[in-house]
Amino acid sequence: MTAHLAMVEGAPGPTLVLDAHEVPEGEEELAEALYEARRALRAGGRGEVLKFALVRPSRHPFFDLEYRFVQGLAEREDGFAFDSACGHSLLAAVSASGMRGTVRVRTRGPGGTGAVVCEPAADGSYTVHFLPAMPRPAELLPTGRPRDVLSTADGVHTVSMVRFANPYVFVDARDLGLEGRSALCAAGSADFGRLQRLRDAARSMLGLSARGALPKIAVVGIGGAGRLVVRSLTEPGWHPSFAMTGLTCLAAAAAIDGTVPYRLARAAGCPPHALLVATPAGLATVTATVTGAPDPRLARVSVPGKRVRVLERHVALPWRTHATA
């Protein structure tokens, strides 16, 4: 079994990168194989691994790699979610593949195929470009509205639900009494519970499975002149920084008139289509390229300065190969 461990700065944990030829295609059989991998990892002191990337050379002439992501669930070693995407895992897979130069990735997931380009910089970092199928920004709103109202036992909140890379629920930090970076970074278990209940309400509205990893949820506020501040949930707790898919979805949301991120970005004085975002781990930047006025389309969203290192090559996994064609 070909397996490598890689870690991207800011990710909540490492990714196990597997050769997609050696694991089953079907979700039930794949879950059984990944359960074997998790047991072997735990026995080897690597029980924290919850991200799995399946890669192989692309059969499409326009791409270099084909990639599929699976999220392990913390509460059950045999539990996996197949419904989400992960930018950190994708970049870990690109680095572990050993490919040099710019790598064009064809992603596979429940939303179909997509395109991501990982472009190396001279300093060893990457810029990751997410390339959608040129949608109109408003087409990224799963309810067709820039803002929706969610009710939970904690009260009524206005949120924005946006689907790009992953569907996200964006909540104004002021609505939760968490204004400012220090207050947001100090949020604890009570605020975590409130966000989980909001996420559950959004899941119900969007008709998503309670057994999946979606939607994601993030609290967004004004972090000072020209910048936003954000904090989000991940599997199984607070994210140590902010997901790359979260950054891309935030940038897409900020390009849609009337959304919570749009209003906060305008109030903070952020440049159009470019965001400086404070996270618990530091500052991140993301840009959205919108073209085609007067009928604007989202051409790409780019996240620069991402660093990755391979922790271990040829991880020992004493489990059988499930060879596929």
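Heavy atoms only: backbone and side chains are in, while hydrogens, waters and symmetry mates are out.
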Measure across A201 and S151 and return the closest heavy-atom pair with its distance rounded to 0.1 Å. CB-O, 4.1 Å
Between R59 and E66, is there a side-chain N and carboxylate O pair less than 4.0 Å apart?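 Judged by the 4.0 Å cut-off on N to carboxylate O distance, R59 and E66 do form a salt bridge.
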Is any side-chain heavy atom of L198 closer than 4.5 Å to one of H157? yes
Give a yes or no on whether E28 atom CD has more than 12 heavy-atom contacts from other residues, nucleotides or ligands under 6.0 Å away.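 No.
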Between S241 and P280, what is the shortest heavy-atom contact and its length?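 Taking every non-hydrogen atom into account, O-CD, 3.4 Å.
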Taking the side chain as everything from C-beta on, heavy atoms only, tell me whether E312 gets closer than 4.5 Å to H4. no
Quick one: list whatever passes salt bridge (charged side-chain N to carboxylate O under 4.0 Å, His left out) with R266, sequence neighbours left out.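 Residues passing salt bridge (charged side-chain N to carboxylate O under 4.0 Å, His left out) with R266: none at all.
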Distance check, rounded to the nearest 0.5 Å: R163 atom CZ versus C249 atom SG? 9.5 Å
Can you tell me how the ring of H239 sits relative to the ring of H88, calling it parallel under 30°, perpendicular over 60° and tilted otherwise?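 Tilted: the ring planes of H239 and H88 meet at 30° to 60°.
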Distance, nearest 0.5 Å, that separates OH of Y262 from CG of D257: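 It comes to 4.0 Å.
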Salt bridge (charged side-chain N to carboxylate O under 4.0 Å, His left out) partners for R181, two or more places apart: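 Expected list: none.
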Cluster check L140, L275: I/L/V/M/F/W/Y, side chain < 4.5 angstrom: yes
Can you measure from CZ (F170) to CG (L250) and round to the nearest 0.5 angstrom?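 Between F170 CZ and L250 CG, I get 5.0 Å after rounding to 0.5 Å.
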Any residue meeting side chain to side chain donor-acceptor pair (under 3.5 Å) with R46, in chain and number order, not counting sequence neighbours: E48
If you draw a 6.0 Å radius around CZ in R309, do more than 12 non-hydrogen atoms from other residues or ligands fall strictly inside? no
Exam field: side chain R199 to backbone P215, donor-acceptor pair closer than 3.5 Å: yes
Rounded to the nearest 0.5 Å, what separates atom CZ in R68 from atom CZ in R56? 9.5 Å
Under 4.5 Å between any side-chain heavy atoms of V116 and V103, yes or no?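 They are not in contact (no side-chain heavy atoms under 4.5 Å apart), so the answer is no.
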Search all heavy atoms of L228 against all heavy atoms of C270 and return the closest pair with its distance. CG-SG, 4.2 Å
Aromatic rings H60 and F63: how do their planes relate, parallel, tilted or perpendicular, breaks at 30° and 60°?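 Judged by the thresholds at 30° and 60°, the geometry between H60 and F63 is perpendicular.
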For I256 and P137, the nearest pair of non-hydrogen atoms, with its separation, is CD1-O, 3.1 Å
Give a yes or no on whether F82 and Y67 share a hydrophobic cluster (residues Ile, Leu, Val, Met, Phe, Trp, Tyr; joining criterion: side-chain heavy atoms under 4.5 Å apart).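 Each belongs to a different hydrophobic cluster.
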Would you check if the side chain of E119 reaches a backbone N or O of H129 as a donor-acceptor pair within less than 3.5 Å?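 Side chain of E119 to backbone of H129, a donor-acceptor pair under 3.5 Å: no, none is there.
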Trace of the side-chain contact (heavy atoms from CB on, under 4.5 Å) decision for D83 with N166: CA-CA 9 Å; D83 61 344; N166 278 322; over 6 Å; no
For V162 and L141, run side-chain contact (heavy atoms from CB on, under 4.5 Å): C-alpha distance rounded to whole Å, both residues' side-chain angles, the deciding distance at 0.1 Å, then the answer. CA-CA 5 Å; V162 181; L141 303 174; 4.0 Å; yes
R297 atom CZ, neighbour heavy-atom count above 12 within 6.0 Å: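 Enclosed: over 12 neighbouring heavy atoms sit under 6.0 Å from CZ of R297.
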If we only count heavy atoms from C-beta on, is the R147 to S160 side-chain gap below 4.5 Å? yes
Walk me through it: do V219 and L176 pass the test side-chain contact (heavy atoms from CB on, under 4.5 Å)? CA-CA 9 Å; V219 187; L176 302 177; 3.9 Å; yes
Side-chain heavy atoms under 4.5 angstrom apart, residues restricted to Ile, Leu, Val, Met, Phe, Trp, Tyr: same cluster for L178 and V229? yes
Would you confirm whether R197, through its side chain, and T152, through its main-chain N or O, come within 3.5 Å as a donor-acceptor pair? no
Flag, side chain of R211 to backbone of A81, donor-acceptor distance under 3.5 Å: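 Here the side-chain-to-backbone pair does not exist.
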Determine yes or no for a side-chain-to-main-chain donor-acceptor pair under 3.5 angstrom, with E77 supplying the side chain and Y35 the backbone. no
Report the C-alpha separation of T143 and M205 in whole Å, then their side-chain angles, then the decisive distance to 0.1 Å, and conclude whether the side-chain contact (heavy atoms from CB on, under 4.5 Å) test is met. CA-CA 9 Å; T143 68; M205 179 178 285; 4.3 Å; yes
Cluster question for you: counting only ILVMFWY and a side-chain heavy-atom cut-off of under 4.5 Å, with indirect links fine, are M7 and M244 together? no
Working to the nearest 0.5 Å, report the span between CD1 of I217 and CZ of R231. 13.5 Å
Considering all heavy atoms, the nearest A202-V169 contact: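 Smallest heavy-atom distance, with atoms named: CB-CG2, 3.5 Å.
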State the CZ-CG distance between F52 and L34, to the nearest 0.5 angstrom.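 CG of L34 is found 5.5 Å from CZ of F52.
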Determine whether V128 and V117 make a side-chain contact, defined as any pair of heavy atoms from C-beta on separated by less than 4.5 Å. no
Quick check: do P12 and L50 have side-chain heavy atoms less than 4.5 Å from each other?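 P12 does not reach L50 side chain to side chain.
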Side-chain heavy-atom pair V55, V17 within 4.5 angstrom cut-off: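 V55 vs V17: side chains touch.
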Work out which heavy atom in P142 is nearest to a heavy atom in M161; give both atom names and the distance.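 Heavy-atom minimum between the residues: CD-O, 3.1 Å.
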Would you mind checking if E179 and R174 are paired as a salt bridge, meaning a charged N to carboxylate O distance below 4.0 Å?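 So R174 does not pair with E179 through a salt bridge.
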For a 4.5 angstrom cut-off between non-hydrogen side-chain atoms, does F130 reach L298?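 A side-chain contact is absent here, since even the closest heavy-atom pair is not under 4.5 Å.
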Just by distance, do the side chain of R300 and the backbone of T287 share a donor-acceptor pair under 3.5 Å?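 Absent.
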Between the main-chain N or O of A299 and the side-chain N or O of T289, is there a donor-acceptor pair closer than 3.5 Å? no
Are F69 and M99 in one and the same hydrophobic cluster, where Ile, Leu, Val, Met, Phe, Trp and Tyr link if side-chain heavy atoms are under 4.5 Å apart?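 Result: yes, single cluster for both.
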Where the side chain of T107 meets the backbone of G114, is there a donor-acceptor pair that is under 3.5 Å apart?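 Flag set: sc T107 to bb G114 pair under 3.5 Å.
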Flag, side chain of D64 to backbone of R104, donor-acceptor distance under 3.5 Å: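 Yes, D64 side chain to R104 backbone: donor-acceptor pair under 3.5 Å.
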If only atom types and distance count, is the side chain of R38 paired as donor or acceptor with the main-chain N or O of G47 below 3.5 Å? no
Ion pair present between D191 and R194, side-chain N to carboxylate O less than 4.0 angstrom? yes
Within 6.0 angstrom of R307 CZ, more than 12 heavy atoms from elsewhere: yes
